[in-house]
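A short worksheet on the structure shown next.
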Amino acid sequence: MKNIYPNIYTFNKKILKKTANYLKLGNIAGIPTETVYGLAGNAYSKKAVQKIFHLKNRPKKNPLIIHYNSITSLKKDVILNKNFFKLYKKYCPGPLTFVLKKNNKSKVVSLASAGLNTIAVRFPDHKIIKSLLKIINFPLAMPSANLSSGLSPVSASDVYEEFKRKLKIIIDGGNSKVGIESTVIDLTKKPKILRPGIISSMEIKKYLRVSFSKKNKTIRSPGMMKKHYSPGIPIILGRNTKNLNHAQITFGKNNKNNKNNFNLSKKGDLKEAAANLYKIMRKIKKKGFKKIFISKIPNKGPGIAINDRIKRASK
Ligand code: TXA
Ligand code: MG
């Protein structure tokens, strides 16, 4: 198949092996997950982790999520607890990240977790990252594959747009199904959600008591930084525009068919809306609109995560 991008590869055994070797040598590759695409590097290699921070232009104090494919490999780096197992059984692999205590044998390089004594870990649910993790003997540090504070990529070409030829390998895994980043939950003490996601606090409450961290200054989360997930143009929340030169993002049934109208989900499905959010924002920016108006989105379930992202994007 003809491919206009020199570094985007269709998934097959050959590219899988090539990527595994490439990562072993401390290099970085763009890899699909079910949430968003990630910038993957060997979490046990200082060189690789440094490269990730450098490529993203990411502040050193912002820790990365480490991706695993089995409890056996996870145990080497963190201390597991009851709450972890409860949620693991229910949601893993899937779009949920656990903050756990690092154990003293852990080989995860200190910079990856920003020098903290905790590590954020996740079991991603996408065929490609799963096959990759199976054939390497180290976990993958993997932030979203975008420049710091920008929009997360949900397709291989989005990753290309962010890094162009600075990446030698981007594997094409189609559009990310979830479309927004994983829910992050701190399990080192009383369970607390640090970043909302498609798995909402309402869901998690079925299995354990959990609170929501709005402002916790002691937790260093870039997802909690004010400006984040930004398309780089002004966003006005909870309002509609009549100006056809401005983009209008809507949700649910409406009769607007104007060229500036982008609907997150005509049937009013919040999961579908989350899956479309970054894709639509990127499209709007590419089309050259200078401003985005977003109408009100219900603040429940996945809507909480959507509102969190657009609020930060609007700062
Ligand atoms: O869905 C996802 O989580 C994607 C895919 C690629 O897996 N990754 C992702 O990574 O969104 P990133 O780097 O964009 O966001 C990582 C989030 C940040 O909010 C960070 O602060 C938090 O995880 N985090 C990482 N380690 C932490 C730790 N030890 N304590 C508290 N928060 C942590
Ligand atoms: Mg990110």
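Read the numbers this way: they start at 1 and go in the same order the structure lists the ligands and their atoms. All values below come from the heavy atoms of this structure, side chains included, with hydrogens, waters and symmetry mates left out.
Atom 33 (C) of ligand 1 has its nearest heavy-atom neighbour, among P143, P63, P32, in P63. Among P153, S144, A114, A145, the residue whose heavy atom sits closest to atom 14 (O) of ligand 1 is S144.
Between T33 and ligand 1, a contact under 3.5 Å exists for no N or O pair. At a 3.5 angstrom cut-off on N or O pairs, R195 counts as close to ligand 1. Distances between N or O atoms of Y37 and those of ligand 1 include no value under 3.5 Å.
Using a cut-off of 2.8 Å, one finds that S144 contributes an N/O/S atom close to the Mg ion (ligand 2).
For the pair V121/T97, no side-chain contact is recorded, criterion being any heavy-atom separation below 4.5 Å from C-beta on. For the pair Y37/S144, no side-chain contact is recorded, criterion being any heavy-atom separation below 4.5 Å from C-beta on.
With 3.5 Å as the limit, one finds a donor-acceptor pair spanning the side chains of T35 and R122. Using modelled atom types, one finds a donor on one side chain and an acceptor on the other under 3.5 Å when comparing Q248 with N240. Residues N27 and K51 have side chains that bring a donor and an acceptor to within less than 3.5 angstrom of each other.
Proximity to M142 (heavy-atom distance under 4.0 Å) selects the following atoms of ligand 1: 6 (C), 8 (N), 10 (O). Every atom of ligand 1 with a heavy atom of V99 under 4.0 Å away is listed here by number and element: 30 (N), 31 (C). Shown in contact with E181 at under 4.0 Å from a heavy atom are these atoms of ligand 1, numbered in order with element: 1 (O), 11 (O). Below 4.0 Å from some heavy atom of S182 lie the following atoms of ligand 1, by number and element: 1 (O), 2 (C), 3 (O). Remark: ligand 1 atoms within the under-4.0 Å shell around heavy atoms of L64 are 25 (C), 26 (N). Atoms of ligand 1 found under 4.0 Å from any heavy atom of T35 (numbered from 1 in listed order, with element): 1 (O), 2 (C), 4 (C), 5 (C). Heavy-atom contacts of H67 reach the following atoms of ligand 1: 5 (C), 7 (O) (cutoff under 4.0 Å). Of all atoms in ligand 1, listed by their number and element, those nearer than 4.0 Å to a heavy atom of G38 are 6 (C).
Put simply, CG on N104 and CD1 on I79 are 7.5 Å apart, with the number rounded to the nearest 0.5 Å.
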Passes side chain to side chain contact (heavy atoms under 4.5 Å, CB included), I204 versus L96? Steps please. CA-CA 10 Å; I204 291 174; L96 184 58; 4.2 Å; yes

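A distance-only check finds no donor-acceptor pair linking the side chain of D125 to the backbone of G94 [under 3.5 Å]. Side chain of H67 to backbone of L140: a donor-acceptor contact under 3.5 angstrom is found.
Within the 4.0 Å heavy-atom criterion, neither part of K56 lies near ligand 1.
Contact analysis puts T118 in contact with ligand 1, with a non-hydrogen atom separation below 4.0 angstrom.
With respect to L80, the side chain to side chain contact (heavy atoms under 4.5 Å, CB included) criterion is satisfied by exactly one of Y88, F85, F98: F85.
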